[in-house]
**Student:** 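Can you read through this structure? Questions will come right after.
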Amino acid sequence: MKTLGCDIGSLFSKAVLMDGENILASKIIETTGNIGVEIEPLIEEVCRQAGVSRFNLDGFVGTGSGAELLEDADFLEDEIACIAWAARCFLPEVELVVDIGGQSITSMLLNDEGEVIDFMRNDKCASGSGRFLEVMANALGVPVERIDEEASRAKRRVSISSQCGVFVESEVITHVNNGEPPQDIVAGLCDAVARIVTSQARRFGMGNRYTFTGGVAKVKTVVDLVCERMEGEYQPFPLDTRLAAAVGAALLAETE
Amino acid sequence: MEDPAELAGDILNTHLEEWRRGGGRIVGYTCVATPREIMDAAGILPYRIRALGKPERELADAHLSRFNCGFCRACLQLGLEGTYDFLDGLVENNGCDHLRGMFEDWVYAKRPGFFHYLRVPHIVSEVSLEFFAEELELFREALGRHFQVEITDASLKEAMERNNRTRESLRELFSLREGERPALTGRQALAVILLESSLPPAAFEEYLARFLEKSRGNEVKGYRARLLLAGSATDELELVGEIENVGGLVVCDALCYGTRAFWNLPRLAGDPIHALAEAYLKHLLCPRMFDDYHTRLDYILRAAERAKAEGAVLVYNKFCDLHGVENVRLRMDLEEAGIPVLVLEKEYGSGADLGRIRTRIQAFLERIGG
Amino acid sequence: MAEGSSATTRKGAEGLFERVESLVEVAMLLPHGMSDEEVEGLLRVLPPDTSRSMRALLCPRFRDVSLDFIKMLGGWVQELRRAKEEGRKVVLIPFNFPPEVVYIFRNAIPLTSEVMTTLGVSVLEGQGERYWDHAMGLGIPDYLCSSSTIELGSILTGRDFQPDIIVQSAPGACDANSKIHEFVSLHMGIPQVILEKPTEATSRGRELHRRYFLALIRRLEEMIGEELDEERMRGVLEEANRASDLYYELYDLRKFSPCPVPNIFSIFTYGTRFTRWGRPQATEMMRRMVELSRRRREEGAYPADEEVARCMWLYIGYYFDFLGFFNWMEERGITYLNDILSLCQPLHVDTTSRESMLAGLAEACFEYPMTRQIGGDSMSLSWIEEMCQFIRDLDANCAIYSGHHACKQTWSIINQVRREITKRTGTPVLCLQGDSWIRRMTPTSVLQEEISSFVDNVVARRKRTRARA
Amino acid sequence: MRFGGIDVGSLTAQAVVVENGKIAGSKSIGVKPNPVDSAETVLGMLLSDLGLRHQDISYIVSTGYGREQVQSRGLAHANVSEISCHGVGAFWLLPGVRTIIDIGGQDAKVIRMDTAGELKDFVMNDKCAAGTGRFLEVMCRTLGITLDELGTLSLKARHPVGLSSRCSIFCETEVLHYLQRGADKADIAASVNRAMAERVAALARRVGVEPDVTMSGGVAKNGAVKSELERILGVRMVPCPVDPQIVGALGAAILARKMGGEK
Ligand SMILES: Nc1ncnc2c1ncn2[C@@H]1O[C@H](COP(=O)(O)OP(=O)(O)O)[C@@H](O)[C@H]1O
Ligand SMILES: Nc1ncnc2c1ncn2[C@@H]1O[C@H](COP(=O)(O)OP(=O)(O)O)[C@@H](O)[C@H]1O
Ligand code: SF4
Ligand code: SF4
Ligand code: SF4
């Protein structure tokens with residue numbers, strides 16, 4: 001059964017074509033003001049990669065903050081439901097999922113059946129989210145993909161006190177001017193993000209099995225630092241964490 | 001001798017460690033409405049909980065929120081991460097809403113060995129004084145029961161005498177700031193207060209005597225203006241240091257970690273518990289009290305007058321309801337009395353805020369022509 | 001202040017109270033049994049903000065009861081004005097002080113600041129923002145409570161209806177509230193009387209409170225210049241007892257599913273309890289709500305196909321959306337069962353003697369909502385216990401905490417409250433964030449999105465599972 | 001005698017030289033990573049424009065967030081906070097001015113002056129980027145327009161959209177949301193400017209706004225923010241007779257004249 005899941009996120013849009021639990025193809029593009037016209041090519045590209053005809057799909061589910069732009073979808077599902085579903089399928093024992101996306105951190109609590117029994121989003125301040133990390137990394141000229149590599153060379157962590165993504169940029173610049181090595185600043189940034197994620201995650205009990213999804217979960221340094229401060233058992237999400245919602249959507253397409 | 005700010009810069013100092021090694025007990029409290037004498041009389045070291053401007057919050061923020069006072073969040077963080085594990089117990093007060101929350105979270109997450117809730121009324125009246133005296137009696141019993149010591153009136157009196165003696169010395173030290181030639185900085189003064197509630201009484205008494213000796217005849221030079229500092233929980237040595245770095249010498253204060261903590265001495269005659277109740281409740285110079293704003297205003301005006309302060313900085317932690325509102329009125333009244341005022345709302349212990357604090361202090365000094 | 005000078009606003013009225021007053025004059029004329037066309041016609045001539053709340057209020061499901069409510073509050077506002085003109089004392093009271101304590105005096109009338117704010121925010125063009133801005137201009141911190149700051153901000157302009165006495169009863173239960181009331185007292189030179197509620201709910205704490213309360217009554221007697229009259233007191237309290245009976249009847253009606261009591265009645269309950277209790281108007285209002293709910297129950301009426309969520313609001317609701325929020329939920333099958341304010345659980349006062357009545361009033365103060373929970377030795381303990389009890393009693397399947405950013409006390413312990421409630425009752429709890437009285441903070445759309453997401457993902461899904469099992 | 005002022009901000013750095021009670025020249029550049037470099041460069045450029053050497057300037061005052069470093073490296077004789085400098089600069093230009101609204105890249109300040117040109121009171125914004133020039137920059141990036149366009153485009157708006165969030169980062173999402181749904185850029189730009197003005201107006205209320213009012217700092221160049229502020233506060237702004245970005249450096253130069261001895 002070939003199903004398509006599409007997640008129009010706040011910063012990135014993802015499409016995944018799945019056959020059961022196998023990913024046949026996936027693609028991630030930036031969500032811009034133009035996303036409306038870029039969706040169709042994105043879907044076509046994924047279909048082409050997988051060698052499946054756009055019109056031969058067994059199901060198509062949309063999700064994400066821009067989901068209503070997906071006019072062809074069979075139905076739309078809430079992001080929370082999709083992520084939880086994906087987590088449930090790949091990590092049946094997980095009780096807590098923390099999604100660290102572009103603009104928000106969402107913690108979800110799952111019961112034995114993998115249903116969301118409670119969830120919580122971060123407050124009005126975007127600090128700690130992916131965008132925060134991006135802005136900071138930009139200021140340093142280190143692409144997000146290379147954060148781990150940089151941080152691994154750090155001798156210490158520069159302490160970062162701004163929690164605001166906008167101000168942190170100038171704080172980073174100050175550190176650079178003071179001659180702090182970039183890798184130490186990067187390590188400090190990861191620590192700053194990890195602290196914010198930790199307080200979000202710890203709100204939901206501490207002793208459970210947990211996993212991370214979303215873009216920032218790709219940054220191992222951050223994940224490790226959060227795990228250090230958590231008390232439960234960490235179970236890594238086995239796929240690209242950024243795809244979690246899209247994968248969940250594709251899997252849900254199969255159930256209906 | 002060691003600079004007080006150096007010694008006070010750590011939560012746990014060598015004297016405390018020694019005290020503990022010798023089998024000494026330590027009980028933590030936060031609010032100045034807690035009569036230290038009762039603990040002292042039981043041979044317990046009363047330690048005033050502080051956060052020293054530490055910025056970490058992540059464990060605390062799983063309980064408290066972004067809308068809570070940063071001081072409370074920082075204290076809770078230290079509690080949860082184990083920095084305060086050396087305490088044998090905690091005393092909670094209904095000081096302010098944020099503190100109440102902090103203690104509740106602390107106790108929820110970590111059961112302290114000894115925990116006592118000391119209820120402090122918000123108004124002064126015959127009825128409330130009677131109640132508070134009863135509360136102190138209950139506190140004495142609870143301490144005695146848990147730590148298996150008898151706190152007699154005699155030992156209480158002894159502790160009161162000792163405390164009064166130290167406070168007299170503290171007064172003397174603080175008056176050295178107020179004169180024409182200030183003998184110590186505000187940062188040092190704050191540090192001394194922090195030491196008072198984090199050293200064994202004997203060690204502090206000795207330290208204070210030496211420091212007092214050294215300070216007489218000392219003169220701080222090179223400042224631009226004499227300032228009064230008043231406001232909410234400020235145990236941040238760095239903040240006062242920053243104010244003084246740009247040239248505003250803090251010559252007097254009305255801070256909770258400052259003169260407010262020791263200005264009033266209990267009388268030694270009569271029933272000790274009643275004397276303590278009166279001293280601690282009647283002279284609780286904190287906006288958590290109601291109906292006595294003018295007492296607080298007078299206290300500040302008198303301090304400013306004594307020390308010839310050229311300006312007043314009213315500082316408060318963001319989200320502090322009590323001081324946030326109180327400062328609005330204080331500002332109006334002080335300005336009317338001819339004292340220029342800077343109201344400094346700040347994030348507790350955030351290094352990122354320091355640059356902005358500097359700018360505001362500097363502009364204020366420029367404004368008052370310092 | 002150009003925005004305010006619409007056709008319906010009295011000339012020159014600038015303060016919150018006065019502007020509400022001039023709208024009330026018009027509202028009092030609205031007849032029962034208005035047709036939809038008449039309502040539409042009315043909505044067209046009203047200023048846009050006012051029109052939005054009138055639309056919510058005049059919803060056909062409970063139109064006439066809304067009119068009763070408008071008239072009850074309108075009568076209160078007019079009586080306040082009359083009292084002032086006759087030289088009776090206007091006593092400003094906060095959210096946690098029972099109005100009947102003022103009504104027992106012949107020469108006094110209560111002005112509840114929070115209700116005045118809610119009323120202003122609901123019906124005035126531009127809501128309460130200008131008064132908030134005025135307070136900010138004086139330097140009041142922006143994290144203070146908007147419910148008290150808006151009405152008090154208007155008083156602080158010095159150009160609005162002024163109270164004669166301020167009662168302060170939140171020291172120790174809400175710093176934000178008590179501090180701003182004290183500020184107004186100092187700034188405007190209005191004398192204040194303080195009632196402290198001890199945190200301890202033991203006999204010792206209650207005894208202390210009773211003594212504080214008696215001192216308050218003596219102070220009020222002095223300030224109002226009137227000795228308490230036992231017969232008057234009895235009359236007021238018997239009336240209050242009647243309203244209380246009806247309150248519990250309404251409470252019981254909420255147990256039915258689908259819930260026959262419209263969501264908006266929670267705010268009507270709170271509005272009635274906090275302003276008119278002890279007066280026949282309150283009793284009548286409660287009766288009207290009970291009658292309509294009973295009828296709806298007999299008819300099995302419910303605005304949505306299915307009652308998806310039976311939701312207990314652990315704290316307060318959102319009032320800045322011109323009351324539309326309540327109907328929005330209801331039409332989606334989300335029942336707003338009650339919140340901490342509408343769960344006032346009034347006590348029956350023993351009216352045999354002066355002493356028993358005063359004791360009963362002291363008890364009423366002690367057991368007032370919020371005070372009795374958040375003002376306790378533990379802020380969370382009795383809150384959790386009561387909410388669990390209500391959740392079971394009313395068969396709620398979810399709970400929402402509205403996270404008003406000024407209530408630092410509740411924010412500081414919400415984590416354990418949420419955790420304990422879920423643990424003890426299995427009910428999920430959604431924590432929102434927004435200001436209840438100011439629309440600038442969190443827009444309705446965001447709150448609605450969160451609630452929908454919660455109901456769809458957590459509540460509905462769970463309901464389905466339960467049905468399957 | 002000639003006096004100089006250097007203002008190193010978060011985004012731009014300026015130098016001004018005054019001579020005989022007149023502005024002899026001014027220069028503005030984008031900041032370099034190091035405030036001292038910025039100061040050196042901008043002053044060097046101005047001096048070479050004027051055909052002067054460093055020692056031709058009798059006294060220099062530095063201001064802006066790099067003020068201390070600039071002084072300690074010997075580029076200035078003294079440093080003064082940017083709050084005083086903006087106040088003094090604006091008052092010197094417009095003696096009737098009592099309120100100055102200065103919005104730069106990192107902060108917004110409202111400054112009150114008395115009739116003698118002395119600093120009377122001031123407020124500075126919270127530690128939140130919403131309500132600063134940075135916010136506008138971030139929004140421009142999202143909208144794909146320049147800072148100049150942000151102000152001008154706004155004038156063409158017909159149906160401004162409702163921007164609610166107070167956080168610049170969340171605001172970005174909202175802006176994206178509107179763009180994705182085909183909203184007109186002019187309408188969004190107008191809303192961004194309005195959101196900005198609302199935040200600054202809230203700040204201004206804290207010290208009260210007494211006429212005459214003027215604006216300084218980079219955001220003063222954004223006409224839409226200015227007119228929104230006028231609308232909300234119910235005042236008319238007196239236009240700043242020079243480039244509003246140089247007001248801080250100008251104030252510093254005026255103060256240099258005072259400190260350096262010329263009356
Ligand atoms: N390859 C990568 N490595 C590390 N981090 C990444 C990577 N790609 C994206 N990120 C981070 O993830 C964030 C986006 O997360 P995502 O879950 O895609 O957000 P959304 O769903 O809200 O669009 C980016 O802001 C960035 O910080
Ligand atoms: N030409 C322009 N039009 C509109 N706004 C501008 C223009 N140039 C700069 N700005 C605004 O001014 C801000 C910078 O102001 P500036 O006073 O230079 O800051 P700083 O003093 O911190 O360097 C920018 O963030 C931008 O929002
Ligand atoms: S600073 Fe204010 S909020 Fe914080 S502990 Fe002190 S009184 Fe409470
Ligand atoms: S509890 Fe909250 S809503 Fe009530 S008065 Fe206090 S701050 Fe306001
Ligand atoms: S501090 Fe920064 S991230 Fe937080 S609300 Fe303000 S702009 Fe947003």
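Within every chain, numbering begins at 1; the chains are lettered A, B, ... in the order of the sequence lines, protein sequences first and strands thereafter.
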**Student:** Please classify the contact between B/Met332 and chain C as side chain, backbone, both or neither, with a heavy-atom cut-off of under 4.5 Å.
**Tutor:**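 When you check distances to chain C, only side chain atoms of B/Met332 fall under 4.5 Å.
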**Student:** State, yes or no, whether a side-chain contact exists between B/Glu134 and C/Arg204 at a heavy-atom distance under 4.5 Å.
**Tutor:** yes
**Student:** Under a 4.5 Å cutoff for heavy-atom pairs, which residue among C/Glu196, C/His187, C/Gln168 has the most contacts with chain B?
**Tutor:** C/Glu196
**Student:** Are B/Arg288 and C/Asp175 close enough for a salt bridge, meaning some N to O gap below 4.0 Å?
**Tutor:**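 No.
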**Student:** Please look at B/Phe131 and chain C and tell me whether the side chain, the backbone, both or neither of the residue comes under 4.5 angstrom of a heavy atom of that chain.
**Tutor:** both
**Student:** Does any heavy atom of chain B fall under 4.5 Å from the side chain of C/Ser380, the backbone, both, or neither of them?
**Tutor:** both
**Student:** Please examine the side chains of B/Phe67 and C/Gln433, heavy atoms only from C-beta on, and report whether any two atoms are closer than 4.5 Å.
**Tutor:**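 A side-chain contact exists here, since the closest heavy-atom pair is under 4.5 Å.
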**Student:** Among C/Ile374, C/Ile194, C/Leu381, C/Ile414, who wins on heavy-atom pairs under 4.5 Å with chain B?
**Tutor:** C/Ile194
**Student:** Using heavy-atom distances under 4.5 Å, tell me whether B/Phe103 contacts chain C through its side chain, its backbone, both, or neither.
**Tutor:**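 Neither the backbone nor the side chain of B/Phe103 comes within 4.5 Å of chain C.
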**Student:** Quick one: OG on B/Ser65 to CG on C/Asn415, what's the gap to the nearest 0.5 Å?
**Tutor:**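 CG of C/Asn415 is found 10.5 Å from OG of B/Ser65.
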**Student:** Relative to chain C, which segment of B/Glu135 carries a heavy atom at a distance below 4.5 Å: side chain, backbone, both, or neither?
**Tutor:**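 Contact with chain C is through both the backbone and side chain of B/Glu135.
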**Student:** Checking B/Ser125 against chain C: side chain, backbone, both or neither under 4.5 Å from a heavy atom?
**Tutor:**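 Contact with chain C is through the side chain of B/Ser125 alone.
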**Student:** Looking at C/Tyr143 and B/Cys320, what are the two nearest heavy atoms and their distance?
**Tutor:** OH-O, 2.7 Å
**Student:** What option among B/Glu326, B/Lys318, B/Met289 has the most heavy-atom pairs under 4.5 Å with chain C?
**Tutor:** B/Lys318
**Student:** Does any backbone or side-chain atom of C/Ser178 lie under 4.5 Å from a heavy atom of chain B? Answer side chain, backbone, both or neither.
**Tutor:** both
**Student:** Mind checking the CG-CH2 spacing from B/Leu64 to C/Trp411? Nearest 0.5 Å is all I need.
**Tutor:** 11.5 Å
**Student:** Where is the tightest heavy-atom contact between B/Val328 and C/Pro141, given as atom of each residue plus distance?
**Tutor:** CG2-CD, 4.5 Å
**Student:** Measuring from atom OH of B/Tyr117 to atom OG of C/Ser378, what distance do you get when rounded to the nearest 0.5 angstrom?
**Tutor:** 9.0 Å
**Student:** Return yes if some donor-acceptor pair links the side-chain N/O of C/Lys408 with the main-chain N/O of B/Asp321 below 3.5 Å, else return no.
**Tutor:** no
**Student:** Heavy-atom distance under 4.5 Å to chain C: side chain of B/Arg119, backbone, both or neither?
**Tutor:**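 The answer is the side chain of B/Arg119.
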**Student:** Could you name the residues of residues 104-116 of chain B that have a heavy atom within less than 4.5 Å of a heavy atom in chain C?
**Tutor:**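 The residues closer than 4.5 Å to chain C, in numerical order, are B/Glu104, B/Asp105, B/Tyr108.
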**Student:** With side-chain contact (heavy atoms from CB on, under 4.5 Å) as the criterion, how do B/Phe319 and C/His405 come out once you've worked through the C-alpha distance, each side chain's angles and the decisive distance to 0.1 Å?
**Tutor:** CA-CA 10 Å; B/Phe319 302 118; C/His405 74 308; 5.8 Å; no
**Student:** Would you please test B/Asp97 and C/Lys179 for salt bridge (Lys or Arg N to Asp or Glu O under 4.0 Å) and show each step?
**Tutor:** CA-CA 12 Å; B/Asp97 290 343; C/Lys179 226 43 215 180; over 6 Å; no
**Student:** Any salt bridge linking C/Arg211 with B/Glu130? Criterion: basic side-chain nitrogen under 4.0 Å from a carboxylate oxygen.
**Tutor:**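 Yes.
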**Student:** Side chain, backbone, both or neither: which part of B/Glu345 has a non-hydrogen atom closer than 4.5 Å to chain C?
**Tutor:**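 Looking at B/Glu345, just its side chain touches chain C.
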**Student:** What I want to find out is whether C/Asp377 reaches B/Arg100 closely enough, with some N-O distance under 4.0 Å, to be called a salt bridge.
**Tutor:** no
**Student:** So, does B/Asn94 use its side chain to make a donor-acceptor pair with the main chain of C/Gly172 at under 3.5 Å?
**Tutor:** no
**Student:** Not counting sequence neighbours, list each pair that qualifies as a ring-ring contact (aromatic ring centres under 6.0 Å, His included) and has a residue in residues 202-223 of chain C.
**Tutor:** C/His209-C/Phe366
**Student:** Looking only at atom types and distance, does a side-chain atom of B/Tyr293 sit under 3.5 Å from a main-chain N or O of C/Glu182, one as donor and one as acceptor?
**Tutor:** no
**Student:** Heavy-atom distances under 4.5 Å only: say whether B/Asp291 touches chain C with side chain, backbone, both or neither.
**Tutor:** both
